[in-house]
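Whatever order the structure lists them in is the order used to number ligands and atoms, beginning at 1.
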Amino acid sequence: MTTPRPETLAKLTPVLTKRWLSPDAWRIGTYEKLDGYAALRKALNAHPDDLIQLIKDSGLRGRGGAGFPTGLKWGFIPQGDGKPHYLVVNADEGEPGTCKDLPLMTHDPHSLVEGVIIASYAIRANRAYIYIRGEAVHAARRLRNAVAEARAKGYLGRNIMGSGFDLELVVHSGAGAYICGEETALLDSLEGFRGQPRLRPPFPATHGLYASPTVVNNVGTIASVPYIVLGGADWWKTMGTEKSSGPMIYSLSGRIANPGQYECSMGITLRELIDLAGGMQPGHELKFWTPGGSSTPLLTAEHLDVPLDFEGVAAAGSILGTTATQIFSDQDCPVYATYRWLEFYHHESCGKCTPCREGNYWMVRVYRRILAGQGTHEDLDTLLDTCDNILGRSFCGLGDGATSPVTSSLKYFKQDYLDYIEGRTAPKLSDKQLVGAH
Ligand SMILES: Cc1cc2nc3c(=O)[nH]c(=O)nc-3n(C[C@H](O)[C@H](O)[C@H](O)COP(=O)(O)O)c2cc1C
Ligand code: SF4
């Protein structure tokens, strides 16, 4: 393990993570001692429209993957329409490699609860939900405890802090399906239906939960709100880059010395993140990595100095996504890694549309053939052709995302595929595993 250089260490920007190491950080007493609920007090004295403008001015963009401007999304909620409004927090965190929302909810659940109250006040919602994935029992327990503590202190319920604003907050556990992280599938699931994406338009801003105006935001997006309210838009913009403002929690996993969450200003590079994480594991050299989960095209050692913000990663041919950097070395096989991801997409495909349901099924079969040493050169064309029929033709982003590892690994590591096909790499799968892609 190497020691981070002082200039890289200075790039750590603990804002959302600043309380994580405090003893009992999840308790309301600790939270209140460390500025907790001060932003709420300030927000409730402001006009809701001014809060929406503040979030617009801060340049905050969604932390769930697509980077949509948050203030703009809040501004889409029609006002004075006489309908109930809802805030739904997307805490599904299913993207492979992503581990930023669960630690936040486990270590500092009150920051999310406070963000929910402020955001609900801004969009005039009197009911909010946190939709958390079913397996995350520990985080759900912490959240429910935080909600109970906040309610006991008068931060939730009727007439919050004497402001006249009422809010009920429900923590809802899903059953653990990747597709339920897609915002419209999430809404169906929350309503008690099978989680499958809805046709858009109409968008959730006008026809969301129970066909009413709804904002769906990621955990990190909503947890950022109290800091912006307290620190101001200009302070927020001192971090990050021009179009990607603020700090971001990067989750690092794979062949590095110290995997975990590193909060830095947007625009940090992978070279710096690896330095912060104590370097690569001994004996490993970087070969490929995902900038934001497995749905984002792979990058290579050539891209170590790409700024990890929305624009920088796009210019390098990938997507910032969830900032889940999964790091692979010269001892890892990009063909096998892609196969494992495809097994995931195939398994998680909700089956609603043909390109994703059938395409992923067949691509898994082709990968099995290649990895069992029985692939052909035509298989590579079949893979690209299948991706071409999935990308842009699927009903939701799951199908599109599934093509990312396939096309990018073929772009950068075609030789690794050829080595299986031409017999230079020993088969990784046996004949038994070849049959019966389920
Ligand atoms: C298959 C799929 C899975 C998704 N999973 C998540 C997730 O787990 N958490 C999340 O916040 N967004 C997820 N998203 C993105 C959401 O649809 C939505 O864009 C996001 O919750 C909006 O919040 P934001 O604007 O704060 O980023 C997923 C999208 C797709 C297509
Ligand atoms: S792309 Fe996949 S997950 Fe999305 S609707 Fe189609 S089948 Fe379902």
Taking 4.0 angstrom as the limit and counting only heavy atoms of [X], give me the atoms of ligand 2 inside it, by number and element.
{"X": "I179", "answer": "3 (S)"}
{"X": "S349", "answer": "2 (Fe), 7 (S)"}
{"X": "P197", "answer": "5 (S)"}
{"X": "S394", "answer": "1 (S)"}
{"X": "L398", "answer": "3 (S)"}
{"X": "G351", "answer": "7 (S), 8 (Fe)"}

Review point. Taking 4.0 angstrom as the limit, do D50 and K56 come out as a salt bridge?
Key: no

Check your understanding: Between atom 2 (Fe) of ligand 2 and C356, is there an N, O or S atom separated by less than 2.8 Å?
Key -> yes

Protein residue, atom and distance nearest to [atom], heavy-atom basis:
{"atom": "atom 8 (Fe) of ligand 2", "value": "C350 SG, 2.4 Å"}
{"atom": "atom 29 (C) of ligand 1", "value": "E182 CA, 3.8 Å"}
{"atom": "atom 18 (C) of ligand 1", "value": "E183 OE1, 3.7 Å"}
{"atom": "atom 22 (C) of ligand 1", "value": "K73 NZ, 3.4 Å"}
{"atom": "atom 23 (O) of ligand 1", "value": "N218 N, 3.3 Å"}

Distance alone, cut at 3.5 Å: any donor-acceptor contact between the side chains of [X] and [Y]?
{"X": "E311", "Y": "S244", "answer": "yes"}
{"X": "S295", "Y": "Y345", "answer": "yes"}
{"X": "T30", "Y": "D24", "answer": "no"}

Ligand-side contact atoms (ligand 1) for residue partner [X], heavy atom cut-off under 4.0 Å:
{"X": "R63", "result": "26 (O), 27 (O)"}
{"X": "G62", "result": "24 (P), 25 (O), 26 (O), 27 (O)"}
{"X": "G397", "result": "31 (C)"}
{"X": "V216", "result": "22 (C), 23 (O)"}

Report yes if [X] has an N/O atom closer than 3.5 Å to an N/O atom of ligand 1; otherwise report no.
{"X": "N90", "value": "yes"}
{"X": "D92", "value": "no"}
{"X": "G181", "value": "yes"}
{"X": "G64", "value": "yes"}
{"X": "Y178", "value": "no"}
{"X": "T221", "value": "yes"}

Do [X] and [Y] make the cut of ring centroids closer than 6.0 angstrom?
{"X": "F344", "Y": "Y178", "answer": "yes"}
{"X": "Y412", "Y": "H303", "answer": "yes"}
{"X": "F328", "Y": "W341", "answer": "yes"}
{"X": "H172", "Y": "Y131", "answer": "yes"}

Check your understanding: If you look at every heavy atom in S212 and T214, which pair is closest and at what distance?
Key -> O-OG1, 2.8 Å

Below 4.5 Å, heavy atoms only, C-beta onward: do [X] and [Y] meet side chain to side chain?
{"X": "I132", "Y": "M105", "result": "yes"}
{"X": "N360", "Y": "T386", "result": "no"}
{"X": "R19", "Y": "D35", "result": "yes"}

Practice item. Heavy-atom distances under 4.0 Å are what count here, so tell me which part of C353 touches ligand 2: side chain, backbone, both or neither. Key: both

Review point. Would you say G94 touches ligand 1, if touching means a heavy atom closer than 4.0 Å?
Key: yes

Exercise for review: Check whether any N, O or S atom of C396 sits under 2.8 Å from atom 6 (Fe) of ligand 2.
Suggested key: no

Point to revise | Nearest-0.5 Å distance that lies between atom CG in L104 and atom CD in E93 | key: 9.5 Å

**Study point:** Interatomic distance, M280 atom CE to K287 atom NZ [nearest 0.5 angstrom]
**Key:** 12.0 Å

Check your understanding: For ligand 1, is any non-hydrogen atom under 4.0 Å from E93's backbone (N, CA, C, O), its side chain (CB onward), both, or neither?
Key -> backbone

Review point. For the residue pair Y31 and Y37, does the interplanar ring angle fall in the parallel (under 30°), tilted (30 to 60°) or perpendicular (over 60°) class?
Key: perpendicular

